Amino acid sequence: MATLTMAKAINTGLRHAMKRDDKVVLMGEDIGKLGGVFRVTDGLQAEFGDMRVVDPPLAESGIVGTAVGMAMRGWRPVVEIQFDGFVYPAFDQIVSQVAKQHYRSAGKTTLSMVIRIPYGGGIGAIEHHSESPEAYFAHTAGLRVISPANPIDAYEMIQQAIAHPDPVIFFEPKRRYWDKAEIDDSVDVMDRPEGYSQLFDARIAREGSDLTLVAYGPMVKTCLEAAAAAANEGLNLEVLDLRSLTPLDFETVVRSVTKTGRMVVVHEAPQFAGIGAEIAARVTEKCFWTMQAPVLRVAGLYMPYPAARVEHAFLPDLDRILDAVDKAMEY
Amino acid sequence: MATLTMAKAINTGLRHAMKRDDKVVLMGEDIGKLGGVFRVTDGLQAEFGDMRVVDPPLAESGIVGTAVGMAMRGWRPVVEIQFDGFVYPAFDQIVSQVAKQHYRSAGKTTLSMVIRIPYGGGIGAIEHHSESPEAYFAHTAGLRVISPANPIDAYEMIQQAIAHPDPVIFFEPKRRYWDKAEIDDSVDVMDRPEGYSQLFDARIAREGSDLTLVAYGPMVKTCLEAAAAAANEGLNLEVLDLRSLTPLDFETVVRSVTKTGRMVVVHEAPQFAGIGAEIAARVTEKCFWTMQAPVLRVAGLYMPYPAARVEHAFLPDLDRILDAVDKAMEY
Amino acid sequence: MLTAPDDLIQLLTHEGKRVTHPDFSLDISDDEIRALYRDLFLVRRFDNEATALQRQGELALWAQCQGQEAAQIGAGRALSAGDFVFPSYREHGIAWTRGVDPVQILGMFRGTTNGGWDPYAHNFGLYTVVIGNQCLHAVGYAMAGLRENAGDVVLTCFGDGGSNQGDVSEAFVFAGVYNAPVVFLCQNNQYAISEPNTRQMRVPIYQRSSGFGFPGYRVDGNDVLAMFAVMRFAYEHARSGNGPVLVEAFTYRIGNHTTSDDATRYRDAAEVEYWKERDPILRVKRYLDSVKTPQSFFDEVEAAAEELAVRIRSGARQLADPTLDEMFTNVYSQPHPLVQQEHQEMTEYFAQFGGMQSPHSEGGH
Amino acid sequence: MLTAPDDLIQLLTHEGKRVTHPDFSLDISDDEIRALYRDLFLVRRFDNEATALQRQGELALWAQCQGQEAAQIGAGRALSAGDFVFPSYREHGIAWTRGVDPVQILGMFRGTTNGGWDPYAHNFGLYTVVIGNQCLHAVGYAMAGLRENAGDVVLTCFGDGGSNQGDVSEAFVFAGVYNAPVVFLCQNNQYAISEPNTRQMRVPIYQRSSGFGFPGYRVDGNDVLAMFAVMRFAYEHARSGNGPVLVEAFTYRIGNHTTSDDATRYRDAAEVEYWKERDPILRVKRYLDSVKTPQSFFDEVEAAAEELAVRIRSGARQLADPTLDEMFTNVYSQPHPLVQQEHQEMTEYFAQFGGMQSPHSEGGH
Ligand SMILES: Cc1ncc(C[n+]2csc(CCOP(=O)(O)OP(=O)(O)O)c2C)c(N)n1
Ligand SMILES: Cc1ncc(C[n+]2csc(CCOP(=O)(O)OP(=O)(O)O)c2C)c(N)n1
Ligand SMILES: [Mg+2]
Ligand SMILES: [Mg+2]
């Protein structure tokens, strides 16, 4: 056991994956000597050499496009996009190639690749360094989109994602990189009998009965804090950590809402046409008679990510979540 | 008055806009001598010359990026993306620059530009020629996303979009390019007192009382056909043509649903995290007590756009819409 | 009007005379040239047959390669078995040299599939419609090869217009930096749909690579001997660890961009006539006649072409539409609940009508 | 260790000796050189002051330009008033020559804005963080200029790493095809964050433009005289209708990539020392000493720098956070119902707490 930050947990998970499979190659700007701007790949180039840990030319489409070519040859590239706002130059390769090769080739080509993207705000960064583009990718069939909320999940999910034969977009909540947890960092998670079979299952982060808070990535912690605060007011909130956006574990969500009858979805991305809309629409359809209040959403605002000094007003926080919870309870 | 196809209606609208404002420049692959692969710009280069109608190098990011630069100098570029599936190389410029320049510059820079995108399926085309990427853009604050459903709207909306100071993504339902209508093609729409003030208003395409069908672009016609068929079964459906996805005219939608209590949203894009989800979520929140059935969605499937010979199974059609209507009525 | 420049690497003039070139020579027998002629002739027939099938409504679309056969056969025949190709969407001639069944190629144009063949069975990737994407895949595939000390090279194809996509320049960057064994073949057929080279580039495209650190050559793309010689050199150059090479095959698109196109809107008949006189097959025929090739050879090739045509016609008509189940297969390689749910819903839905109906599509373009 | 190549265009050695160059000469008085020295010195102070402000927590981040002042002052001072600049995010020296108030530049680094100045008031565009995007804007702006017969030129800046983005190559294509009056300035400061040139390019970047049809020059970027001379030539070349030019300013990033970076992880102190000896300001000082510049001049410059520093310190602290209303302004230029609705909701929401609270941000990097 060791106390690891989420950044270090991913680093250790990457090391296990690279040891397990020689075909795992990391590619990303500055991930070599520097260890990445968040140090997630710290020490890996020194350990595995620069043919396994590649810091390529500064061109995201080039990085993802060449990764596709490597994957076509049976390698397992793990790409790091330096920040959320820099994935767009690679959007064409991701949407037209990464997502569609398997279908186009009738299954002959399998792209076992992972695209890691540190995402979300709350770190006081300049523009393009705090975005939450997950809805673009979740709307794109052919991709699997997941996001860990805590160091333990980060440690396990990165290993499972790399082992998985489908392309996976792995969103890392950068504001949580420094959160710590006790992890048995000696285990190669893929040695466990369950393998990656539970990778796309949602997790009940907190049991509750009055209302269901649904979140993923950075907002899970915020929801847990909100639930703790609500408890003092005698409100018993259930918190779901989706972990995966596609596939999305609606079974677990519906089970929870059937119990609580109320739901609030939380994410940093703008609310309009965000992933919360899909959750609200589908849950309402499945639980039409059991819903005691409409699904409410607490999310980012409909504007470009604003200057850091006002991002706290853009981002959902404990107070805004409780505000929505109160509204939902009033129905 | 003249009988014009939608393609010709847009062509005529573009001509009016170019005559009205010397700063309007059309840019797009093959829009010159060829008149575009759909002939929407037919004859315009001959009339206005190749400094006003430009067929640029084959590079979408380059086309949109240079259009941004022209707009920064007060010009009004109208870009044509040849097909929906080819907008992705320009996604970075659209999301990071077109959508954000005005906000970033505190209003100093205004990008009065239009990006025309023929979209949607049903024409038996090969891959990448039948996609419906509107949700990606609607989720992106800073853009306005609109789509005409008939030749008259196409004729008016293109002129209003070009005159509008904000960047507009103009989705053209390519399967409807050959639909005809009587249009007074002599009027420069911007000479009317209302100007572009109604550009973002939804339209009641058909009055009804039992259930509201909501659609935009190519699916409006399909919904009207469904409504006509339903009428024979004694069902009186209202059909809303949204015309604009952002801003989205929820006032009109809510008014209709308040009347009918039931709603089915229809679009070609995959249902998951599509624009229909936002409509369902928001309407349910606003009309929680008046909804007699959950908002149902009829949309594209969660897969890459399939081979043309089975696209009819992918696309919503009259039968699938009526099937959903029946389900909604059963509540 | 666009004519052929005289700085092209050429070994066979359009009059059918073999000529020498200071840097590139080819030691090839007349029998080997006859074999190339056979390829050229059969690919031309395949191409014409597909065009006819489109007119008959058997195909929704066809992208003709007429006029570019020499560039493609030369490039394809100079490859080694273990090499891999990342084509664009017009490389029917190269597909032919990789043993891809022409009928399989018709699938995506008939609309029965988005692909059509097993890339690994032929070391020939699927056609790529999004201009430029494939060039990066080629470089990545070669980068993986370097890690396997595979010793093979990768060929990727793009057009004169496609040369401008950011992906192609980025592919040049990566191939250069990693010294990847990639040969970039630009078939400059003078048009990007309707746009001539003058709208696409300021200087000839073969010069593009030098600023990325690797050589570029400009070849008479209608000369199968020159194409064979230069491509063979390029493959060896890359294979021996000297890094990537760019080859511009200067050729001409005799037909329309696709069967949806109408080239008369943007180019003169005279120009097309000029290039028909420089036809890649015609000049080989002239050479073979000059060396007294017996008529029996040409008869045999014609017979083989007729046989191929018959097989293509019947094969095309037999290309089956995907079933509903097939339509839902391979979205992912592992089960995905949402896909499974929609699959079930659509199956139940179509069951009301006794299964999925046959296709009908409005419009058409 | 990375040293300076000897094929650089140079007019002032690092020992402070003026030398001649066959192609580029500069007729400049010592007073004019003193004016350039003043620019260099003040920009250096601005840069250092901003770095200090970041350490004190007044700025969230700062991207230092130390070592690149000569490249920027040379490029900026050679511009004409009507010319327009599309910078990257490190062009503080060029901003200075365009009259942008240094305090305004601090806004985006303090986090009070995503921009900070009026591009049109200074003909100096906003900093562009997404690598390469701005190069296409520059070309488009120049294309519009051609339509206005404006007669001005456009300068755009990018880095050694940025040269590889597809957008930059596409900008080369468009500028070449349209003969646009654009000068591309690549400040090769040897690193893209941690990645040296060897990971970014196979041959020197100034060669990149030739294959796109326009010339490229490689200049000693630490030599303000050479930079001024070559940039002046490049602007005139473009202005007189000869098309775009690429200039590689071979320089060195003395500081960290940004204040978040730790360059000791990827480069040696010895290398930095070598380049400090080639400092762009030091060599001008050496020259001015050699021509007996009175101490009073240096004292006056020092005093001006001190004054500037004071103004920057107080100015930075006075940069106000946006109000909630400002935050919702300019998402669109015309009313947008959804933005208006969220604006109202958030206003009512914050009203419960007596208005929007002051910022607090977790983490930080
Ligand atoms: C990214 C992208 N943009 C636009 C298109 C539409 N398109 C298909 S072929 C073509 C012209 C290609 O010209 P060229 O690269 O010279 O190849 P050729 O067709 O002449 O072989 C265009 C614009 C596309 N397929 N992909
Ligand atoms: C598209 C994109 N990808 C990644 C980044 C993150 N990033 C910021 S600066 C930088 C390195 C840039 O190096 P270079 O182009 O040499 O410019 P320099 O910072 O050295 O002036 C990177 C990778 C970015 N800003 N934009
Ligand atoms: Mg071409
Ligand atoms: Mg640099």
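The model shown is predicted, which means the values in this text are computed figures rather than measured ones. To find a chain, count down the sequence lines: A is the first, B the second, and so on, and within it residues start at 1.
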Count the heavy atoms belonging to other residues, nucleotides or ligands that lie under 6.0 Å from NZ of K259(B), then report whether that count exceeds 12.
yes

Structural part of [X] lying under 4.5 Å from a heavy atom of chain B:
{"X": "Y120(D)", "answer": "side chain"}
{"X": "S333(D)", "answer": "both"}
{"X": "V331(D)", "answer": "both"}
{"X": "Q341(D)", "answer": "side chain"}

Would the distance check show the side chain of [X] and the main-chain N or O of [Y] forming a donor-acceptor pair, the cut-off being under 3.5 Å?
{"X": "Y332(D)", "Y": "L143(B)", "value": "yes"}
{"X": "Y103(B)", "Y": "N114(D)", "value": "no"}
{"X": "R104(B)", "Y": "L126(D)", "value": "no"}

Toward chain D, the part of [X] with a non-hydrogen atom under 4.5 Å:
{"X": "A67(B)", "answer": "neither"}
{"X": "K100(B)", "answer": "neither"}
{"X": "E251(B)", "answer": "neither"}

Do Q334(D) and R144(B) have side-chain heavy atoms sitting under 4.5 Å apart?
yes

Could you tell me if the side chain of R147(D) sits less than 4.5 Å from the side chain of R52(B), heavy atoms only?
no

Taking atom [atom1] of [X] and atom [atom2] of [Y], what is their separation to the nearest 0.5 Å?
{"X": "M72(B)", "Y": "H137(D)", "atom1": "CE", "atom2": "NE2", "result": "5.5 Å"}
{"X": "S96(B)", "Y": "I131(D)", "atom1": "OG", "atom2": "CD1", "result": "12.0 Å"}
{"X": "I63(B)", "Y": "L136(D)", "atom1": "CD1", "atom2": "CG", "result": "10.5 Å"}

What parts of residues 168-178 of chain D touch chain B if we use heavy atoms and a cut-off under 4.5 Å?
E170(D), V173(D), F174(D), V177(D), Y178(D)

Going through the distances and angles, do L248(B) and L338(D) end up as a side-chain contact (heavy atoms from CB on, under 4.5 Å)?
CA-CA 8 Å; L248(B) 202 152; L338(D) 177 55; over 6 Å; no

Looking only at heavy atoms and a cut-off of under 4.5 Å, which of [options] has the most pairs with chain B?
{"options": "P119(D), A121(D), G116(D), G145(D)", "result": "G145(D)"}
{"options": "M143(D), Q134(D), E148(D)", "result": "E148(D)"}
{"options": "N133(D), T128(D), V129(D), T113(D)", "result": "N133(D)"}

Which residues pass the salt bridge (charged side-chain N to carboxylate O under 4.0 Å, His left out) test with K286(B), sequence neighbours left out?
none

Residues D152(D) and R73(B) bridged, charged N to O under 4.0 Å:
yes

Can you see which heavy atom on N330(D) is nearest to which on H102(B), and at what distance?
O-CD2, 3.1 Å

Return the option, out of V54(B), V25(B), T110(B), T109(B), with the maximum number of heavy-atom pairs under 4.5 Å with chain D.
T109(B)

Chain D contacts, top residue of A71(B), P56(B), A141(B) (heavy-atom pairs, under 4.5 Å):
P56(B)

Please tell me whether T246(B) and H336(D) have a donor and an acceptor in their side chains that are separated by less than 3.5 angstrom.
yes

